[in-house]
Amino acid sequence: MHTGIFERPRLAKAGLLSLSDFSGGEASAFPLTSTPPKFSALLQNCMYQAGRMKKIPGYSKVNAATCGVELKSGFEFRKIDGTAMILVAGGGKIFKNIGGVLTEEKTGLDNAAIVSFASHNNLCLAVNGVDASMKTTDGVNWTALGGTPPATSFKIHVHKGRVWHLERTNKMLATHSALNNPEDYTTANDAGYIDFKFVLKKGDELMDIFTYLGYLVFVFRNHIAVYSGQTPSGVNSNFVLVELREIGTNATGTIQGLGQDSAFLTVSGVKSFQQVLQTGNLNVKSLSEAIDPDLLGELKTASAFASAHYLKRNWYLLKVGSIVHIYDYVNKCWTRMVGADVSGMFTTADGILYLCGNGFLYLYDDGWDFAGTLPIWIWRLSWLNLMRDGRKAEPKIIQLTAEPDQEIDIEVQIAYDLNNPKSENIQTIILQPSNVTLIDSVTDFDAIDPFDEILYSETRIPLFGSGRIAQIQFKNTSNKPVNIVDIVLQVIPGGF
């Protein structure tokens, strides 16, 4: 049974401190010496799943040979007949993945601009805020988008049969096409625009646009405007502003739909759009409340952002600078991906997650390394009170229960009283898988003990030193999975 959020681990009469609830995820929002034990001080390339602390999966290269530029965005262009293709962009170029080869199909674009993609019927549309809007039907032949779309369109979005553009030149203008015609921006009573200077008298800057449960949502730096209706312009317009909130985002591309909700990055953390919209409370707790001190610190200097919704693992991924923060919205806990080559990310209609990197497109959830680079897995627990009355204690043994699929090395270290660990408190152990009888070789099924179907590995690790509080860290660098089930700490009162 999981302990309550503020309940300390239980010190039994035999001096056993059991740490079996890891469900809180990473947290930096608590005082160091009073963090609830279900939270961890650092989860680097870890993930909490089914009561275990595991290693996040890795990724593999889609293209074996580098494409020569840093890829920053991508898109699955899926036609009405089901035909699909993967397009990626970066370094002033657009590539098409053809059998694991990224082929240059459009060149001469601005090197630094990030390409935004969308599809409308059998057209793939692309904008980057600098070059003219583009279209293609096959990912190979790119031409200018017809009509008069904004010259500096940087974000493109399709909503109820119309293509919407946000632009760099007029930062308060949202332009839309005629119904079912992405190349018509002039037909009266059909195509048109919304000029938000008449809505937001104090001014603002449009940053993003998305659809939420049939509503069209415009996200500014300091506001969110929610519209209902089918026809946005003309004498028959039924577009109605239904909500206006004084909260926004400073990063384009960080909004992701999560089923009946959407997550978006604000200057005060990651918020639930559903909570903000339904409660009207702009001070509603952040989804990122547990990691806000770290996250808000990173936002002060970060200039590179990206996000994705990975439904297979119920993840909202948010790249801030060089770190990819991961929110498990089912278990409501955070972790982080560190050391990965990630400049952008996107998912397909089939739920596949792709990562854009320096010269390579990566397929996520494939293997246990980062395309040949060994991830550094670190699980650093919160500082633990060794005795209820605050006395010093001497931890003697850690009993670590795991389910290793392969033999792996784990570095174990323990520190006391907010100090760094001493050399004698850092050691490496080997976790080995238990012997298992393959099901195909079983001849007497009546002899099988069902309680032996899960084979645990229990390892006892001697400890040295003493203190009032202690912090334990586990570390692994490998291309193998890690799966820790339980930790029991044997403690004796006393120490110097």
Using the side chain to side chain contact (heavy atoms under 4.5 Å, CB included) rule, take L216 and T211 through it: C-alpha gap first, then chi angles, then the decisive distance, then the call. CA-CA 5 Å; L216 185 60; T211 297; 4.2 Å; yes
Say whether, by atom type as modelled, one donor and one acceptor occur between the side chain of [X] and the main chain of [Y] under 3.5 angstrom.
| X | Y | result |
| --- | --- | --- |
| D294 | L296 | no |
| E76 | A349 | yes |
| S73 | V115 | yes |
| Q44 | I376 | yes |
| S237 | T231 | yes |
| H120 | G161 | yes |
| D138 | N141 | yes |
| K332 | G25 | no |
| R336 | L42 | no |
| K93 | V69 | no |

How far apart are the C-alpha atoms of K96 and L87, what are their side-chain angles, what is the distance that settles it, and do they pass the side chain to side chain contact (heavy atoms under 4.5 Å, CB included) test? CA-CA 5 Å; K96 181 179 180 180; L87 306 172; 3.9 Å; yes
Can you tell me how the ring of [X] sits relative to the ring of [Y], calling it parallel under 30°, perpendicular over 60° and tilted otherwise?
| X | Y | answer |
| --- | --- | --- |
| F220 | H223 | perpendicular |
| F239 | W164 | parallel |
| W377 | W379 | perpendicular |

Counting only heavy atoms not in D81, do more than 12 sit closer than 6.0 Å to its CG atom? yes
Quick check: are there more than 12 heavy atoms from other residues, nucleotides or ligands sitting under 6.0 Å from OH of Y193? no
Minimal non-hydrogen separation, [X] against [Y], with atom names:
| X | Y | result |
| --- | --- | --- |
| N189 | V235 | OD1-N, 3.1 Å |
| N63 | L361 | OD1-N, 2.8 Å |
| Y364 | L355 | CD1-CD1, 3.9 Å |
| V320 | F305 | CG1-CE2, 4.0 Å |
| A64 | F360 | O-CE2, 3.5 Å |
| G321 | A302 | N-CB, 3.8 Å |

Carefully, step by step, assess F154 and T152 under the rule side chain to side chain contact (heavy atoms under 4.5 Å, CB included). CA-CA 6 Å; F154 70 92; T152 58; over 6 Å; no
Give, for atom [atom1] of [X] and atom [atom2] of [Y], the distance between the pair rounded to the nearest 0.5 Å.
| X | Y | atom1 | atom2 | value |
| --- | --- | --- | --- | --- |
| F75 | M85 | CZ | CE | 10.5 Å |
| N314 | I326 | CG | CD1 | 12.5 Å |
| Y48 | T335 | OH | OG1 | 13.5 Å |
| L43 | K54 | CG | NZ | 14.5 Å |
| C67 | L102 | SG | CG | 5.5 Å |
| L317 | Q256 | CG | CD | 8.5 Å |

Consider side-chain contact (heavy atoms from CB on, under 4.5 Å). Of D409, V482, I410, which one does L431 pass it with? I410
Partner of L125 under side-chain contact (heavy atoms from CB on, under 4.5 Å), chosen from K135, E183, H165: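 Option passing the side-chain contact (heavy atoms from CB on, under 4.5 Å) with L125: K135.
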So do the side chains of [X] and [Y] get within less than 4.5 Å of each other, counting heavy atoms only?
| X | Y | answer |
| --- | --- | --- |
| R168 | V130 | no |
| L353 | K312 | no |
| R313 | I56 | no |
| F370 | M337 | yes |
| T136 | M134 | no |
| W334 | V270 | yes |
| Y316 | L287 | no |
| M47 | W315 | yes |

Evaluate the salt bridge (Lys or Arg N to Asp or Glu O under 4.0 Å) criterion for residues K155 and D208: first the C-alpha distance (whole Å), next the side-chain angles of each, then the deciding distance (0.1 Å), finally the verdict. CA-CA 7 Å; K155 177 71 177 185; D208 220 326; 3.5 Å; yes
With side chain to side chain contact (heavy atoms under 4.5 Å, CB included) as the criterion, how do F346 and C356 come out once you've worked through the C-alpha distance, each side chain's angles and the decisive distance to 0.1 Å? CA-CA 8 Å; F346 64 99; C356 301; 3.9 Å; yes
For [X] and [Y], which I'm curious about, is there any donor-acceptor pair between the side chains at under 3.5 Å?
| X | Y | value |
| --- | --- | --- |
| D261 | Y329 | no |
| D350 | T348 | no |
| Q406 | K480 | no |
| Y362 | D341 | yes |

Salt bridge (Lys or Arg N to Asp or Glu O under 4.0 Å) between K55 and D369, worked out: CA-CA 10 Å; K55 178 179 171 181; D369 59 32; over 6 Å; no
From the options Y215, F218, Y212, select the one residue that forms a ring pair (Phe, Tyr, Trp, His ring centres under 6.0 Å) with Y227.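 Of the listed options, the one satisfying the test is F218.
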Is the distance between the ring centroids of F273 and F210 under 6.0 Å?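 Here the rings of F273 and F210 have centres that are less than 6.0 Å from each other.
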